[in-house]
Amino acid sequence: MRTTAELEERLARPSPGLVDDLGKLDGDVMILGAGGKLGPSLVRLALNATRGERRVIAVSRFSEPGLAAALQDEGATVVAADVADEQALRELPDAPNVVFLVGAKFGTQGREHATWFTNAYLPGRVADRFAGSRIAALSTGNVYPLVPVTSGGSTEDSPTGPVGDYAMSCLGRERVLTHFAEKNRTPMSLIRLNYAVELRYGVLVDLAQKVLAGEPVDLTTGQVNVVWQGYANEVALRSLLLADVPPYVLNVTGPELISVRQAAQALGAALGKEPVFTGEEAPTALLSNASRCHRLFGYPELTPAELIEHTARWVADGGPLLGKPTKFERRDGRF
């Protein structure tokens with residue numbers, strides 16, 4: 001993967017399992033939030049997996065120039081709309097399968113009210129609008145507390161314990177969606193994702209940029225989970241078949257526990273730069289156990305070692321980046 005086109009093709013390459021699962025769904029697939037960092041590749045993956053057998057409806061404000069036209073040219077039915085607008089939400093076409101990606105994380109500090117609106121209130125409006133659909137909704141592993149790095153990570157049955165307004169609002173989203181699932185008998189799945197990576201953003205890009213710039217890498221959060229974005233997109237789509245009342249909850253991340261120190265050292269070796277470290281590894285971190293996901297859908301296609309290799313080459317070559325750091329180092333929930 002040396003070019004954006006090659007990266008996009010890899011992200012949108014469906015597995016036989018995805019093709020088979022989407023073939024079991026009745027009707028169109030609508031993706032709300034199709035213009036965000038996950039949305040475009042998920043739309044393309046759905047298009048490739050459905051092979052023209054159903055419409056893939058991409059809904060977003062589409063603030064990125066040219067994105068709406070590009071997705072339309074690739075076969076998507078594009079609807080430019082702000083789902084936070086009540087009239088626009090009402091006027092969306094019906095769809096029996098809905099993937100809900102809309103959410104707010106960065107800029108929470110000082111705008112907590114807007115974060116709660118987007119992450120907790122708006123999902124209820126969407127769930128009520130699509131009461132007759134299957135809904136797969138993106139959530140986050142941030143709904144869990146920090147856990148001992150020796151614990152193996154939080155499972156879907158572990159107690160929640162969000163830290164900070166962003167994480168609390170995301171748990172609010174889950175609670176509100178669960179209410180509407182029960183009220184309207186709307187089958188749903190909740191995808192607790194952390195941390196998705198591809199070559200333009202993610203924990204590995206954050207580390208590679210720091211190593212290349214000679215900036216210190218904070219080791220306090222010494223262990224993380226990462227997962228290839230293409231796998232996360234696939235699971236989000238396939239989870240439509242798991243949708244249930246109450247919602248089916250699924251952790252989505254890689255099977256490995258990644259040492260921040262070792263990942264930075266591996267990136268440094270590939271980049272020809274010795275990483276600079278600060279702090280010491282804390283005994284706790286935000287970690288998820290996704291063994292249920294792996295039993296259902298297998299393991300991610302790309303291993304951490306492969307992701308590190310691809311990321312180092314991409315950053316060294318000056319490949320385009322999204323400029324959206326994960327801030328995985330934050331332990332106070334302030335984003």
Checklist entry - Less than 4.5 Å apart, any side-chain heavy atom of Arg313 and any of Glu309? => result yes

Review item, side-chain donor-acceptor pairs of residues 145-153, under 3.5 Å, at least two apart:
residue: Ser151; atom: OG; partner: Pro148; partner atom: O; Å: 2.7
residue: Ser151; atom: OG; partner: Gly153; partner atom: N; Å: 3.1

Checklist entry - Does any N or O in the side chain of Arg125 come within less than 3.5 Å of the main-chain N or O of Val83, such that one atom is a donor and the other an acceptor? => result no

Checklist entry - Which is it for Val102 and Val126 under the side-chain contact (heavy atoms from CB on, under 4.5 Å) test, yes or no, and what are the steps along the way? => result CA-CA 10 Å; Val102 179; Val126 169; over 6 Å; no

Checklist entry - Salt bridge or not for Arg10 and Glu6, using N-O below 4.0 Å? => result no

Checklist entry - Just by modelled atom types, is the Ser291 backbone N or O under 3.5 Å from a matching donor or acceptor in the Asn289 side chain? => result yes

Next on the checklist: Test side-chain contact (heavy atoms from CB on, under 4.5 Å) on Thr160 and Arg192; report intermediate values, then the result.
Outcome noted: CA-CA 11 Å; Thr160 54; Arg192 292 176 175 170; 4.0 Å; yes

Item to check | Under-4.0 Å salt bridge between Arg200 and Glu8 | outcome: yes

Checklist entry - Could you state the interatomic distance from CE (Met188) to OG (Ser133), rounded to the nearest 0.5 Å? => result 9.5 Å

Item to check | salt bridge (Lys or Arg N to Asp or Glu O under 4.0 Å) evaluation trace for Asp94 with Arg129 | outcome: CA-CA 9 Å; Asp94 293 331; Arg129 165 63 183 83; 2.9 Å; yes

Checklist entry - What closest approach, in Å, do Asn184 and Ala131 show between heavy atoms, and which atom pair accounts for it? => result ND2-CB, 3.6 Å

Next on the checklist: Quick check: closest heavy atoms across Lys273 and Leu212, and the distance to 0.1 Å?
Outcome noted: CE-O, 3.3 Å

Checklist outcome for this item: CD1 of Ile258 to CD1 of Ile308, rounded to nearest 0.5 Å, is 6.5 Å

Item to check | Met30 and Phe130, any side-chain heavy atoms less than 4.5 Å apart | outcome: yes

Checklist entry - Below 4.0 angstrom, N of the basic side chain to O of the carboxylate: do Lys37 and Glu198 qualify? => result no

Checklist entry - Rounded to the nearest 0.5 Å, how far apart are CG of Leu250 and CZ of Arg238? => result 11.0 Å

Checklist entry - For Asp26, does its backbone N or O pair with a side-chain atom of Asn97 as donor and acceptor, under 3.5 Å? => result yes

Next on the checklist: Any heavy-atom pair between the side chains of Leu207 and Phe328 that's under 4.5 Å?
Outcome noted: yes

Next on the checklist: Any side-chain to backbone donor/acceptor pair from Arg54 onto Leu22? Under 3.5 Å, distance only.
Outcome noted: yes

Next on the checklist: Please evaluate residues Thr221 and Arg331 with respect to the criterion side chain to side chain donor-acceptor pair (under 3.5 Å), reporting the C-alpha separation (whole Å), side-chain torsions for both, the decisive distance (0.1 Å), and the verdict.
Outcome noted: CA-CA 8 Å; Thr221 297; Arg331 300 174 65 84; 3.2 Å; yes

Item to check | Spacing of Ser169 atom OG and His113 atom NE2 [to the nearest 0.5 Å] | outcome: 12.5 Å

Next on the checklist: Within the 3.5 Å criterion, strictly below it, is a donor on Ser15 or Glu234 matched to an acceptor on the partner's side chain?
Outcome noted: yes

Next on the checklist: Rounded at 0.5 Å granularity, tell me how far CD1 in Ile57 sits from CG in Leu71.
Outcome noted: 13.5 Å

Checklist entry - For Asp73, does the CG atom sit with more than 12 other heavy atoms under 6.0 Å from it, leaving out its own atoms? => result yes

Item to check | Heavy-atom side-chain proximity of Val252 to Phe297 below 4.5 angstrom | outcome: no

Next on the checklist: With a 4.5 Å cut-off on side-chain heavy atoms, are Asn225 and Leu257 touching?
Outcome noted: yes

Checklist entry - Taking C-beta and beyond as the side chain, do Tyr121 and Val176 meet within less than 4.5 Å on heavy atoms? => result no

Checklist outcome for this item: For Trp314 and Pro320 the tightest heavy-atom approach is NE1-O, 3.0 Å

Next on the checklist: I'd like to know if Glu74 pairs up with Arg44 as an ion pair, taking the criterion as any Lys NZ or Arg NE/NH1/NH2 lying under 4.0 Å from an Asp or Glu carboxylate oxygen.
Outcome noted: yes

Item to check | Glu86 atom CD: more than 12 heavy-atom contacts under 6.0 Å | outcome: yes

Checklist entry - Given the rule that I, L, V, M, F, W and Y join up when any side-chain heavy atoms are under 4.5 Å apart, are Val203 and Val163 in one cluster? => result no

Next on the checklist: Using every non-hydrogen atom in the two residues, find where Pro300 and Tyr231 come nearest and quote the distance to one decimal.
Outcome noted: CA-CD1, 3.5 Å

Checklist entry - Does one hydrophobic cluster hold both Val226 and Leu302, with members joined at side-chain heavy-atom distances below 4.5 Å? => result yes

Next on the checklist: Is there a path of hydrophobic side-chain contacts, each under 4.5 Å between heavy atoms of I/L/V/M/F/W/Y residues, joining Val217 to Val224?
Outcome noted: yes

Checklist entry - For the residue pair Val211 and Ala264, what are the closest heavy atoms and their distance? => result CG2-O, 4.0 Å

Next on the checklist: We want to know whether Thr155 and Asp157 form a side-chain donor-acceptor pair, criterion being a heavy-atom distance below 3.5 angstrom.
Outcome noted: no

Next on the checklist: Under a 3.5 Å distance rule, please check whether Asn119 uses its side chain to pair with a backbone N or O of Ala104 as donor and acceptor.
Outcome noted: yes

Next on the checklist: Is any side-chain heavy atom of Val227 closer than 4.5 Å to one of Val235?
Outcome noted: no

Checklist entry - Salt bridge between Asp206 and Lys324, side-chain N to carboxylate O under 4.0 Å? => result no

Checklist entry - Do Leu241 and Leu138 share a hydrophobic cluster, counting only Ile, Leu, Val, Met, Phe, Trp and Tyr and linking them when any side-chain heavy atoms are less than 4.5 Å apart? => result yes

Checklist entry - Do you know which two heavy atoms are closest between Thr115 and Tyr166, and how far apart they sit? => result CG2-CA, 4.3 Å

Next on the checklist: Regarding Asn251 and Tyr144, do their side chains bring together a donor and an acceptor under 3.5 Å, going by distance alone?
Outcome noted: yes

Next on the checklist: I'd like to know whether Thr77 forms a side-chain contact (heavy atoms from CB on, under 4.5 Å) with Asp28, so could you lay out the CA-CA distance, the side-chain angles of the two residues, the decisive distance to 0.1 Å, and finally the verdict.
Outcome noted: CA-CA 10 Å; Thr77 299; Asp28 300 333; over 6 Å; no

Item to check | Single-linkage hydrophobic cluster Val19~Leu25, side-chain heavy atoms < 4.5 angstrom | outcome: no

Checklist outcome for this item: Distance col, row Met168:CE vs Asp165:CG, nearest 0.5 angstrom, shows 4.5 Å

Checklist entry - Is the shortest heavy-atom distance from the side chain of Leu177 to the side chain of Pro247 under 4.5 Å? => result no

Item to check | From CA spacing to verdict: side-chain contact (heavy atoms from CB on, under 4.5 Å), Asp21, Leu237 | outcome: CA-CA 9 Å; Asp21 277 356; Leu237 288 167; over 6 Å; no

